[in-house]
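Here the structure is laid out as structure tokens; the discussion comes afterwards.
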Amino acid sequence: MQSRITTASPVQARLTRILAELREDHRNIAQLLDLVENELLAVDRGRTPDLELLHDIMQYMIVYSDAVHHPREDLLYRELRGYDEKLVEGLDLVETDHQSIAELGLTLRNDIAAMMSGVEIRRERVVGDMVDYVRKLRKHMEWEERDLFPRADSMAGDDDREIDLSALSIMDPVFGEVGHSVFENLRRHLERAGAGR
Ligand SMILES: [Fe+2]
Ligand SMILES: [Fe+2]
């Protein structure tokens, strides 16, 4: 399992460092989406998915990806807007993407929690939503990697300014060096998946 670049999340950080951490988040999130996809394949083959694993992954998406990663990006994109108007094309769509990904993620986490407690929910709908979620989030990250982050790289090349992250100075509870005990099962799963590669 990858660990984060630093042991402590910074309060103030330069653009280059923020970009490195955002890219690392993307690699971590991609690993989790692969795990989700494995579970979807299990469903396709008629097997019961690991609901606890899916729940933990969606919980992480809510408490870290939606609550820390995306808001950090929003700060970064705000800097871009103020820096050069040639770099702002399409940025309005990012917020909508972040919002719809967060809404779908929350629905999925709640549906999975309900299934775990025995509530009857149409499995096909949850599976459909999950396929949709993986596709949406991958597409969003690809856009950022291909287009938005390089714009921020070019800004950082000229002006590697510091950004105040004090409201978002939170350690990653799964991939951070000190993981949160709530995610112990997910961390063990990732370690096993890493060892099997
Ligand atoms: Fe994003
Ligand atoms: Fe992102």
Side-chain angles (χ1 to χ4, degrees), residues 1-37 40 57-109 129-176 190:
M1 186 170 67
Q2 279 176 327
S3 61
R4 294 195 66 75
I5 291 169
T6 53
T7 51
S9 288
V11 173
Q12 289 269 3
R14 294 205 179 274
L15 283 177
T16 43
R17 174 168 167 176
I18 293 171
L19 278 157
E21 293 202 355
L22 290 173
R23 286 182 164 111
E24 190 176 347
D25 287 344
H26 279 192
R27 289 194 291 276
N28 294 338
I29 291 167
Q31 275 191 65
L32 297 178
L33 294 182
D34 286 348
L35 290 181
V36 171
E37 213 157 48
L40 291 170
I57 291 173
M58 295 319 299
Q59 184 67 15
Y60 171 80
M61 294 302 189
I62 291 168
V63 302
Y64 187 79
S65 182
D66 298 331
V68 180
H69 175 81
H70 288 157
R72 281 187 182 172
E73 288 174 340
D74 291 336
L75 285 179
L76 179 77
Y77 301 144
R78 198 176 306 155
E79 294 294 322
L80 272 182
R81 283 174 200 278
Y83 179 68
D84 184 347
E85 61 180 34
K86 289 198 289 296
L87 299 177
V88 303
E89 198 194 329
L91 282 185
D92 286 345
L93 299 172
V94 176
E95 221 167 283
T96 321
D97 254 16
H98 284 173
Q99 217 170 346
S100 67
I101 288 164
E103 281 166 13
L104 188 51
L106 191 61
T107 302
L108 272 168
R109 197 278 316 266
D129 280 352
M130 200 142 252
V131 170
D132 201 27
Y133 182 83
V134 171
R135 189 187 50 80
K136 259 190 176 154
L137 189 47
R138 279 203 179 127
K139 195 171 160 215
H140 176 76
M141 292 197 297
E142 276 162 20
W143 176 37
E144 290 178 321
E145 298 270 346
R146 187 189 68 250
D147 179 9
L148 303 185
F149 289 179
R151 295 189 210 180
D153 288 332
S154 74
M155 174 178 158
D158 293 336
D159 175 6
D160 194 11
R161 63 180 70 174
E162 285 204 321
I163 297 186
D164 180 7
L165 294 176
S166 47
L168 300 166
S169 178
I170 293 155
M171 180 79 87
D172 185 320
V174 172
F175 295 93
L190 283 161

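Here Arg23 pairs with Asp153 in a salt bridge; the nearest charged N to carboxylate O distance falls below 4.0 Å. A salt bridge is absent between Asp129 and Lys136; no separation between the charged side-chain nitrogens and carboxylate oxygens falls under 4.0 Å. The pair Arg17-Glu21 meets the salt-bridge criterion, since a charged nitrogen lies less than 4.0 angstrom from a carboxylate oxygen.
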- [ ] Using the side-chain contact (heavy atoms from CB on, under 4.5 Å) rule, take Met155 and Asp84 through it: C-alpha gap first, then chi angles, then the decisive distance, then the call.
- [x] CA-CA 8 Å; Met155 174 178 158; Asp84 184 347; over 6 Å; no
Task: Test log, rule side-chain contact (heavy atoms from CB on, under 4.5 Å), inputs Asn28 and Val174 - done: CA-CA 9 Å; Asn28 294 338; Val174 172; over 6 Å; no
Open item on the list: What verdict does the side-chain contact (heavy atoms from CB on, under 4.5 Å) test give for Arg81 and Asp92, after you've listed the backbone C-alpha separation in whole Å, the side-chain angles of each residue and the deciding distance to 0.1 Å?
Closed with: CA-CA 10 Å; Arg81 283 174 200 278; Asp92 286 345; 3.3 Å; yes
- [ ] Starting from the C-alpha separation in whole Å, work towards a yes-or-no answer on side-chain contact (heavy atoms from CB on, under 4.5 Å) for His140 and His98.
- [x] CA-CA 9 Å; His140 176 76; His98 284 173; 3.0 Å; yes
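Two residues are said to be in side-chain contact when any heavy atoms from C-beta on lie closer than 4.5 Å; Val68 and Asp172 fail this criterion. Within the 4.5 Å cutoff, side-chain heavy atoms of Leu32 are placed close to those of Leu190. Residues Leu104 and Asp132 have side chains in contact (heavy-atom distance under 4.5 Å, counting atoms from C-beta outward). No side-chain heavy atom of Tyr133 sits under 4.5 Å from any side-chain heavy atom of Val36. Glu24 is not listed as a side-chain neighbour of Phe175, based on a closest heavy-atom distance of 4.5 Å or more.
No donor-acceptor pair under 3.5 Å is formed between the side chain of Arg72 and the backbone N or O of Leu165. A distance-only check finds no donor-acceptor pair linking the side chain of Arg109 to the backbone of Met58 [under 3.5 Å].
Of all heavy-atom pairs between Ser65 and Pro71, the closest is O-CD, 4.3 Å. Pairing each heavy atom of Ile170 with each of Ala167, the nearest pair is CD1-O, 4.4 Å. The shortest non-hydrogen separation linking Leu168 to Ala67 is CD2-O, 3.6 Å. In plain terms, the two heavy atoms of Asp66 and Ala102 that are nearest each other are OD2-CA, 3.5 Å.
A donor-acceptor contact closer than 3.5 angstrom links the side chains of Tyr83 and Asp158.
A parallel orientation is assigned to the rings of Tyr64 and Tyr60, their planes being inclined by less than 30° (bins at 30° and 60°).
To the nearest 0.5 Å, atoms CD (Glu144) and CD (Glu73) are separated by 3.5 Å. Distance check: Ile62 CD1 to Leu106 CG gives 4.5 Å after rounding to the nearest 0.5 Å. Between Leu91 atom CG and Leu148 atom CG the span is 6.0 Å, to the nearest 0.5 Å. Atom-to-atom distance recorded for Leu22:CG and His70:NE2 is 9.5 Å, nearest 0.5 angstrom. Rounding to the nearest 0.5 angstrom, the gap separating the NE2 atom in His69 from the CE atom in Met61 is 10.0 Å. Taking CG of Leu15 as the reference point, atom CD of Glu79 lies at 6.5 Å (rounded to 0.5 Å).
Counting heavy atoms of neighbouring residues, nucleotides and ligands inside a 6.0 Å radius, atom CD of Glu95 does not exceed 12 of them.
The salt bridge (charged side-chain N to carboxylate O under 4.0 Å, His left out) check on Arg78 picks up nothing, with sequence neighbours excluded.
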